[in-house]
Amino acid sequence: MEVKVLNGKVVADKIKENLKERVDSLYSKTGVKPCLAIITMDNDYASKMYVKMKVNACKKLNIDTIIENLSEESTTEDVLKLVDKFNNDDKIDGILIEHPLSKQIDERLCFNRIALNKDVDGVNAANFGLMAMKENAFVSATPAAIMSIIDYYNIDIAGKNVVVVGRSPILGKPVAMLLLNKNATVTICHSKTYNLNEYLKIADIVVAAVGKPKFIKGDNLKEGVIILDAGYNKGNVGDVDIEACMNKVNAYTPVPGGIGPVTIAKLLEQTVISYENKNNKKLTLKK
Ligand code: NAP
């Protein structure tokens, strides 16, 4: 059996294909570029990498970025003040709070403070609710990326057993909803799940969102399983020990080069959509 690599770079390029044109076209009419504001604490290996990659990707599409790097001692109030400032700044099209923030910060409160129309990373609980109800909403970027990979490679998920390992509000939970909305039979596992291997055994597709390097091994996987590994750990390692799974796997997303680049593409796409929504409204009002 030939194992298929689900190359995220190809999917990301497809998503980004016309974004620059869309930005340039509106920029020529308005003279204003899109702008993404990023709030980060730079205290986490993955966060640092993600912010750098996101800023570079924005540059290529003529999207401006503003980075607010808060000290590790900052308070929830400090973050909320910044979010309010960006919410009220017409130049800002998207606000991204790079997860995770320091432990003392009420991250949920901060996420929920982001104006829905600027929540291009899809972290506000209200956007989660709208998405879950299949209504128009900005979707959490990594879950949206996973669905784009599924779409691009025509992976049939209807009725399939999909096991999501991890239930974080920005990854495990929303991806489970998106999969459910596409008729997958979804099981969400987490740190309190008894006997995770029993669930993995019946999975046609595994979505790994644990944050533990090489956590999922091959022993209990079903023959022909598809692995979608969202994990990104120190040393460019995913949450799945893919070498150990190779004899079972039908297709998989590599780390790096799988879900990561598509996540950034989805963030860019949603930022451009927010920029378009703002400017199209203004242009219509002008007429
Ligand atoms: P997180 O908030 O730390 O959540 C981890 C989840 O894994 C939690 O739900 C936790 O369960 C569960 N878990 C922990 N130990 C477990 C165990 N032994 N068995 C089963 N489940 C267990 O992490 P996250 O933000 O969702 O991120 C997960 C991974 O994805 C990380 O590697 C992160 O770097 C990566 N990530 C990648 C991208 C990308 O663009 N590729 C974007 C975001 C995140 P409890 O809820 O019970 O604690």
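Order of appearance sets the numbers: ligands from 1, and atoms from 1 within every ligand. Start at 1 with the first residue, then count along the sequence.
Of all protein heavy atoms, the one lying nearest to atom 25 (O) of ligand 1 is His99 NE2, 3.0 Å. Of all protein heavy atoms, the one lying nearest to atom 29 (C) of ligand 1 is Gly211 N, 3.5 Å. Closest protein heavy atom to atom 26 (O) of ligand 1: Ser168 OG, 2.5 Å. The protein heavy-atom contact nearest to atom 46 (O) of ligand 1 is Arg167 NE, 2.8 Å. Looking from atom 5 (C) of ligand 1 to the surrounding protein, the closest heavy atom is Val210 O, 3.3 Å. At the top of the distance list for atom 42 (C) of ligand 1, counting protein heavy atoms only, stands Thr142 OG1, 2.9 Å.
Here the closest heavy-atom approach between residue Ile202 and residue Lys222 is recorded as O-NZ, 3.9 Å. Considering all non-hydrogen atoms of both residues, Arg108 and Val123 come closest at NH1-O, 2.8 Å.
Short contacts between ligand 1 and Thr263, defined as distances under 4.0 Å to a heavy atom of the residue, involve ligand atoms 39 (C), 40 (O). Here is the list of ligand 1 atoms found below 4.0 Å of a heavy atom in Ala209: 5 (C), 6 (C), 7 (O), 28 (C).
Closest heavy-atom approach to atom 21 (N) of ligand 1 among the candidates Lys212, His190, Lys266, Met53: His190. Summarising the contacts of atom 27 (O) of ligand 1 with Thr193, Leu171, Asp121, the nearest heavy atom is found in Leu171. Checking Tyr199, Tyr232, Tyr50, Phe215 against atom 32 (O) of ligand 1, the nearest heavy atom belongs to Tyr232.
Checked options Ile39, Val51, Thr40; the residue passing with Asn69 is Thr40 (criterion: side-chain contact (heavy atoms from CB on, under 4.5 Å)).
Using a 3.5 Å distance cut-off with no hydrogens or angles, the side chains of Asp151 and Ser148 do not pair a donor with an acceptor.
At least one N/O-N/O distance between Ala230 and ligand 1 falls below 3.5 Å.
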